[in-house]
J.: 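Can you keep this structure in mind? I'll have questions shortly.
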Amino acid sequence: MTLVAGAASAEPQKLTFSVFEPPQAFGPAKVYGPWAQDVTAASGGTMEVEMLAGGQLGAPAAQLEIVQNGVADIAIIIPSFTPGRFPGNEIAELPFLWDDPTVAGIAVTRLVEKGLLKYPGVKVLAADVTGPYQVHASKPVNSLDDMKGLRLRAAGPVFAQATALLGATPVGMPTPSVAENISRGVLDGTLQDWTLVNAFRIIDATPHHFDFPMGGVTALLVMNQQVYDELPDEAKAVLEEYGGAAFARRWGDVLKAEERAVREQVQADPDQTAVSPDAAEAARWTEALQPVVDDWAAKSPENAALLEAFKAELDAAASAAN
């Protein structure tokens, strides 16, 4: 990006970027840190973004508040940590609608840009979505029949309903506690994406994986609204260029490469088994999970309209990627 002459003459505005994950984790190491460096370099001296990872400025659930209060200028927030606060936010958690986090992230981003998803109190720079959640278990899961009676970690009401409809028992539990509780027999497995089960070594306790897309969790890159408003136009233009769909694409493409690496590790390990259902078995799972989508849409006309808009954005993003 070319900035106007003289933009670099002033001192850059220093912006703190809070990330609750440890610096060596996938997000900070491969996406958020490089993004901060690229934005700083592209700003022509108008701003300097410093990432502070590992929850230095606050716990995961506190990230929204610390941005609103100005403790951090920018942060990654998980809106589902504050259930009910942001209507419609759980749209990406609905099962089987998507299997590509790049496509899902761009679709959610478009919904935010069009005002169909609202996050008042902060400036949303970008949205991204985790990889699709899968079943990872300590016991073999080769079909829907094998789900009956399993105790699975499921976060939030959408994933809990999905788990129950599959015949399993949903259990709420923080991700860092999952591996230990599977090893102790408290849990039989979890619904999570490949990168999380690898990062938290849940994969060591769950040698059986069933590859059906169960939805994912939305994260937002947000900024203190007043700090954003006071930035020079050149800096805002850089944040726009590196935010929005560009950020969702960046996140999703790097995430998919990470997921492929984890899957390759699983395939190379004789003690690990990953099952991809055939069309008939996938149809059984879709039929079993259809009430999750239908019930969510039936809660309000707004939900029903948002679901149709999300499907349209998914189709548009998928078409653009092909």
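Atoms considered below: every heavy atom in the structure, side chains included; atoms not considered: hydrogens, waters and symmetry mates.
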J.: Is Q56 atom CD crowded by more than 12 heavy atoms from other residues, nucleotides or ligands, each under 6.0 Å away?
T.: yes
J.: Test side chain to side chain contact (heavy atoms under 4.5 Å, CB included) on M47 and V238; report intermediate values, then the result.
T.: CA-CA 10 Å; M47 59 184 168; V238 171; 3.9 Å; yes
J.: Are any non-hydrogen side-chain atoms of W296 and V292 less than 4.5 angstrom apart?
T.: no
J.: Between the main-chain N or O of G185 and the side-chain N or O of R151, is there a donor-acceptor pair closer than 3.5 Å?
T.: yes
J.: Are F26 and W194 an aromatic pair, judged by ring center distance below 6.0 Å?
T.: no
J.: Is there side-chain contact between E48 and L15, with heavy atoms separated by less than 4.5 Å?
T.: no
J.: Just checking Q265: does its CD atom have more than 12 heavy atoms from other residues, nucleotides or ligands closer to it than 6.0 angstrom?
T.: yes
J.: Is the shortest side-chain heavy-atom distance between L187 and L152 below 4.5 Å?
T.: no
J.: Knowing that exactly one of N224, I74, L64 qualifies, which makes a side chain to side chain contact (heavy atoms under 4.5 Å, CB included) with V122?
T.: L64
J.: To check you understand the geometry: which heavy-atom pair defines the closest contact between D271 and P207, and what is its length?
T.: O-CB, 3.2 Å
J.: Between K256 and E259, does at least one N-O distance fall below 4.0 Å, as a salt bridge requires?
T.: no
J.: Going by an N to O cut-off under 4.0 Å, is there a salt bridge joining D146 and K139?
T.: no
J.: Within a strict 4.5 Å, meaning less than it, do heavy atoms of the N142 and H208 side chains meet?
T.: no
J.: Would the distance check show the side chain of K118 and the main-chain N or O of G115 forming a donor-acceptor pair, the cut-off being under 3.5 Å?
T.: yes
J.: Contact between F247 and Y242 at the side-chain level, heavy atoms closer than 4.5 Å - yes or no?
T.: no
J.: Is it true that Q272 and H209 share a donor-acceptor pair across their side chains at a distance under 3.5 Å?
T.: yes
J.: Please test Q134 against D193 for side-chain hydrogen bond (donor to acceptor under 3.5 Å, both in side chains), starting from the C-alpha separation and ending with a verdict.
T.: CA-CA 6 Å; Q134 322 275 357; D193 73 331; over 6 Å; no
J.: Determine, stepwise, if the pair V178 / I182 fulfils side chain to side chain contact (heavy atoms under 4.5 Å, CB included).
T.: CA-CA 6 Å; V178 171; I182 293 173; 3.6 Å; yes
J.: Ion pair present between D211 and R263, side-chain N to carboxylate O less than 4.0 angstrom?
T.: yes
J.: Please check: side-chain N/O of D73 versus main-chain N/O of T16, any donor-acceptor pairing under 3.5 Å?
T.: yes
J.: Would you say NZ of K30 has more than 12 non-hydrogen atoms from neighbouring residues, nucleotides or ligands within 6.0 angstrom?
T.: no
J.: Are a donor atom and an acceptor atom from the side chains of Q13 and T46 found within less than 3.5 Å of each other?
T.: no
J.: Can you tell me how far apart CE (M147) and OG1 (T169) are? Round to the nearest 0.5 Å.
T.: 10.0 Å
J.: Is the closest side-chain heavy-atom distance between T195 and L255 below 4.5 Å?
T.: yes
J.: Donor-acceptor check, side chain of S43 to backbone of A235, threshold 3.5 angstrom: yes or no?
T.: no
J.: Looking at N303, is its backbone amide N or carbonyl O close enough to the side chain of S300 to form a donor-acceptor pair, meaning the two atoms are under 3.5 Å apart?
T.: yes
J.: Is a side-chain N or O of E308 found less than 3.5 angstrom from the main chain of A304, in a donor-acceptor match?
T.: no
J.: Measuring from atom NZ of K123 to atom CG of L231, what distance do you get when rounded to the nearest 0.5 angstrom?
T.: 11.0 Å
J.: What verdict does the side chain to side chain contact (heavy atoms under 4.5 Å, CB included) test give for T286 and F212, after you've listed the backbone C-alpha separation in whole Å, the side-chain angles of each residue and the deciding distance to 0.1 Å?
T.: CA-CA 9 Å; T286 300; F212 184 86; 3.5 Å; yes
J.: When you compare the side chain of L307 with that of L94, does any pair of heavy atoms fall below 4.5 Å?
T.: yes
J.: Nearest heavy-atom pair of W98 and G215: which atoms, and what distance?
T.: CZ2-C, 3.7 Å
J.: Applying the 4.5 Å side-chain criterion to the ILVMFWY set and letting contacts propagate, would L220 and V19 be lumped into a single cluster?
T.: no
J.: Identify the two heavy atoms, one from A168 and one from L150, that lie closest to each other, and give their separation to 0.1 Å.
T.: CB-O, 3.1 Å
J.: Answer yes or no: is there a side-chain heavy-atom contact under 4.5 Å between N69 and V67?
T.: no
J.: How many angstroms lie between atom OG1 of T109 and atom CZ of R249, to the nearest 0.5 angstrom?
T.: 9.5 Å
J.: When you check the side-chain N and O atoms of Y119 and N89, is any donor under 3.5 Å from an acceptor?
T.: yes
J.: Begin from the C-alpha positions of L239 and M223 and carry the test side chain to side chain contact (heavy atoms under 4.5 Å, CB included) through to its verdict.
T.: CA-CA 10 Å; L239 292 174; M223 188 169 185; 3.8 Å; yes
J.: So, for L117 and P87, which heavy atoms are closest and what is the spacing to 0.1 Å?
T.: CD2-O, 3.9 Å
J.: Regarding T163 and R153, is there a side-chain donor-to-acceptor distance under 3.5 Å anywhere?
T.: no
J.: Against S18, only a single residue in L52, I77, L57 fulfils side chain to side chain contact (heavy atoms under 4.5 Å, CB included); can you say which?
T.: L57
J.: Taking the six-membered ring for Trp, are F17 and Y32 parallel (under 30°), tilted (30 to 60°) or perpendicular (over 60°)?
T.: perpendicular
J.: Count the heavy atoms belonging to other residues, nucleotides or ligands that lie under 6.0 Å from CD of E287, then report whether that count exceeds 12.
T.: no
J.: If you take all heavy atoms of V129 and W251, which pair is closest and at what distance?
T.: O-NE1, 2.9 Å
J.: In plain terms, say whether D278 and R284 are close enough for a salt bridge, that is, a side-chain N and a carboxylate O under 4.0 Å apart.
T.: no
J.: Main chain of S177, side chain of N181: is a donor-acceptor contact present, judged purely on distance under 3.5 Å?
T.: yes
J.: If only atom types and distance count, is the side chain of T102 paired as donor or acceptor with the main-chain N or O of D253 below 3.5 Å?
T.: yes
J.: Measuring from atom CD of Q63 to atom CZ of F81, what distance do you get when rounded to the nearest 0.5 angstrom?
T.: 9.5 Å
J.: Ignoring hydrogens and angles, tell me if any N or O in the side chain of T190 forms a donor-acceptor pair with the backbone of H136 under 3.5 Å.
T.: no
J.: Are L196 and V254 co-members of a hydrophobic cluster defined by side-chain heavy atoms under 4.5 Å apart?
T.: no
J.: If I compare all heavy atoms of G149 with all of D188, which pair ends up nearest, and what's the gap?
T.: O-OD2, 4.0 Å
